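Below is one structure, written out as structure tokens; the observations come after it.
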Amino acid sequence: MAIITSEPFLLNVQWDEVSYEFLIRVKQKSPNVIILGSGASENQHPPIFQRYTWMEEFDDSLIFYNDPTLYLGNINLGWGQGTIERFYLKEIAIILEKLIQKLNVANENILFYGSSGGGFMSLILAGYIKESCALVNNPQTILTNWYKDAFTQVFNISYPNLSLEEINNLFAERINVIAFYNQIKYVPRIYYLQNIAAEFDMKNHLEPFVEGLQQIDENCHVNPVKIDLYFDKSSGHIPLEKNKILRYINFIK
């Protein structure tokens, strides 16, 4: 059954006692869908749909997704890690594929957008949904290269009783974007925006990502990856302002 309403609505998909929540706005005449993920959120309770106020800026169908990892403990960012048994990002991708079928949108017209932690999730989801594109701004690409307190909180919840070495060995494809691409033998189309004034991001996330692409498994199907560098000393890790991101989205889609 197709989705015919043009009014924004909340969708809650119950999958084996996990709530997958989406905020959806459909534009029937648009061939495009933009899927937006959230980064860290302070003093908010899930479901979190960052940038939902941008809804009226687009004439395209929009899907905002919440990360159910946020329900597992007192954290403000979960990177879609889920539990030892279930990788929530993989299950989000499966649900999104079914939603996209109902929207009758071709995969090449799907754009994932996110910054920071939302950027990490966009890079993973675009890998699961072939032919889609990821637009990311100052994303994490290796979770263990982020701030230790942040990833340790999540790992203690998602992978209790496992050492960091065990997590790296058992779940590398969940926490390292390049390891994930090597596993699925596929690199999606990527438009990577990076503030070079954010030195921590450059050293710990962009540079390893580029090095990983240069050493990617030769059996991987690699789509174009464009890296757009800018310099804004005052903003650092904070993403580009809305009007600039909107221009990128409208250019890429």
Side-chain angles (χ1 to χ4, degrees), residues 15-20 37-41 46 48 65-96 112 114-129 134 136 138-188 190 192 200-220 222 237:
W15 183 346
D16 292 339
E17 300 183 351
V18 177
S19 293
Y20 290 95
S38 301
S41 180
I48 304 297
Y65 60 90
N66 177 64
D67 175 9
T69 310
L70 298 173
Y71 289 118
L72 300 180
N74 185 25
I75 53 176
N76 62 12
L77 176 62
W79 292 290
Q81 292 299 290
T83 66
I84 289 174
E85 296 80 13
R86 299 173 67 177
F87 186 27
Y88 287 173
L89 274 181
K90 182 176 182 178
E91 297 188 359
I92 288 172
I94 291 169
I95 297 170
L96 286 173
F112 288 94
S115 62
S116 191
F120 172 87
M121 294 191 288
S122 295
L123 291 169
I124 298 291
L125 290 171
Y128 277 125
I129 300 184
V136 296
N138 301 339
Q140 286 92 60
T141 62
I142 304 173
L143 298 191
T144 50
N145 282 7
W146 193 235
Y147 296 101
K148 186 175 181 179
D149 286 349
F151 73 74
T152 299
Q153 286 180 345
V154 176
F155 289 0
N156 286 343
I157 291 168
S158 292
Y159 311 112
N161 304 317
L162 293 182
S163 68
L164 187 57
E165 181 180 5
E166 289 172 321
I167 295 168
N168 273 312
N169 289 335
L170 294 170
F171 301 109
E173 72 282 357
R174 295 192 187 186
I175 64 177
N176 183 317
V177 174
I178 293 295
F180 172 68
Y181 293 160
N182 274 320
Q183 182 195 55
I184 65 173
K185 300 293 185 286
Y186 180 82
V187 177
I190 298 170
Y192 193 128
F200 184 89
D201 291 357
M202 290 286 293
K203 178 180 178 181
N204 292 286
H205 297 281
L206 177 60
E207 291 178 11
F209 182 75
V210 171
E211 291 170 5
L213 286 176
Q214 292 171 333
Q215 301 167 14
I216 202 80
D217 190 305
E218 62 181 12
N219 295 315
C220 274
V222 181
H237 179 69

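Keep in mind it's a predicted model, so treat the numbers as computed, not measured.
- No side-chain donor-acceptor contact under 3.5 Å links N176 to the backbone of A172.
- When all heavy atoms of V136 and P139 are compared, the closest pair comes out as CG2-CG, 3.7 Å.
- When the side-chain hydrogen bond (donor to acceptor under 3.5 Å, both in side chains) test is applied to Y128, no partner is found at least two apart in sequence or on another chain.
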*Criterion side-chain contact (heavy atoms from CB on, under 4.5 Å) on Q81 and L143, from CA distance to verdict*: CA-CA 10 Å; Q81 292 299 290; L143 298 191; 3.7 Å; yes

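- Within 6.0 Å of CG in N169 there are more than 12 heavy atoms belonging to other residues, nucleotides or ligands.
- Scored by the side-chain hydrogen bond (donor to acceptor under 3.5 Å, both in side chains) test, N182 finds no partners at all (sequence neighbours excluded).
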*asked:* Is there a side-chain contact (heavy atoms from CB on, under 4.5 Å) between Y88 and T83? Walk through the geometry before answering.
replied: CA-CA 8 Å; Y88 287 173; T83 66; 3.9 Å; yes

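- Across A40 and L77, no two heavy atoms sit closer than the pair N-CD1, 3.9 Å.
- Listed for the T141 side chain is a donor-acceptor partner under 3.5 Å among the backbone atoms of H205.
- Contact annotation: the side chain of W15 approaches that of I95 to within less than 4.5 Å [non-hydrogen atoms, C-beta and beyond].
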*Start with the C-alpha distance between I167 and T144, add both sets of side-chain angles, then the distance that settles side-chain contact (heavy atoms from CB on, under 4.5 Å), and finish with yes or no.*
CA-CA 10 Å; I167 295 168; T144 50; over 6 Å; no

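- The environment of K203 atom NZ is sparse: at most 12 non-hydrogen atoms of other residues, nucleotides or ligands sit within 6.0 angstrom.
- Looking at heavy atoms from C-beta onward, I142 lies out of side-chain contact with N204 at the 4.5 angstrom threshold.
- Side-chain contact between I48 and Y65 is absent, with no heavy-atom pair separated by less than 4.5 Å.
- S116 is linked by a side-chain hydrogen bond (donor to acceptor under 3.5 Å, both in side chains) to Q140, H237, counting only residues two or more places apart in sequence or in another chain.
- Contact between G82 and L72 at its shortest, heavy atoms only, is O-CD1, 3.5 Å.
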*asked:* Let's go through Y181 and L123 carefully: what are the C-alpha distance in whole Å and the side-chain angles of both, what is the deciding distance for side-chain contact (heavy atoms from CB on, under 4.5 Å) to 0.1 Å, and is it a yes or a no?
replied: CA-CA 10 Å; Y181 293 160; L123 291 169; 3.6 Å; yes

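- Checked against side chain to side chain contact (heavy atoms under 4.5 Å, CB included), I75 has the following partners two or more places apart in sequence or in another chain: T69, L70, Q153, V154, I157.
- Panel note: side chain D67, backbone G80; a donor-acceptor pair is recorded below 3.5 Å.
- At most 12 non-hydrogen atoms from other residues, nucleotides or ligands lie less than 6.0 angstrom from CG of N161.
- Counting only distance, with no hydrogens or angles, the side chain of S41 and the backbone of N76 share no donor-acceptor pair below 3.5 Å.
- With contacts defined as side-chain heavy-atom distances shorter than 4.5 Å, the pair Y20/L96 does not qualify.
- Separation of the F171 and F87 ring centroids does not fall under the 6.0 Å cut-off.
- Neither side chain, E166 nor Y159, offers a donor N or O lying under 3.5 Å from an acceptor on the other.
- In this view, T152 satisfies the side-chain hydrogen bond (donor to acceptor under 3.5 Å, both in side chains) rule with no residue, not counting sequence neighbours.
- Residues Y186 and G127 share a closest heavy-atom pair of CD2-O, 3.7 Å.
- A donor-acceptor pair under 3.5 Å is absent between the side-chain atoms of E165 and the main chain of S163, judged by distance alone.
- By the 4.5 Å heavy-atom criterion applied to side chains, I92 and P68 are counted as neighbours.
- Scanning both residues, G117 and W79, for their nearest heavy atoms gives CA-NE1, 3.6 Å.
- I175 is listed as a side-chain neighbour of N168, based on a closest heavy-atom distance under 4.5 Å.
- Nearest approach of A126 to A134, heavy atoms of both residues: CB-CB, 3.8 Å.
- Under the salt bridge (charged side-chain N to carboxylate O under 4.0 Å, His left out) criterion, the residue pairs touching residues 73-86 are R86-E91, with sequence neighbours excluded.
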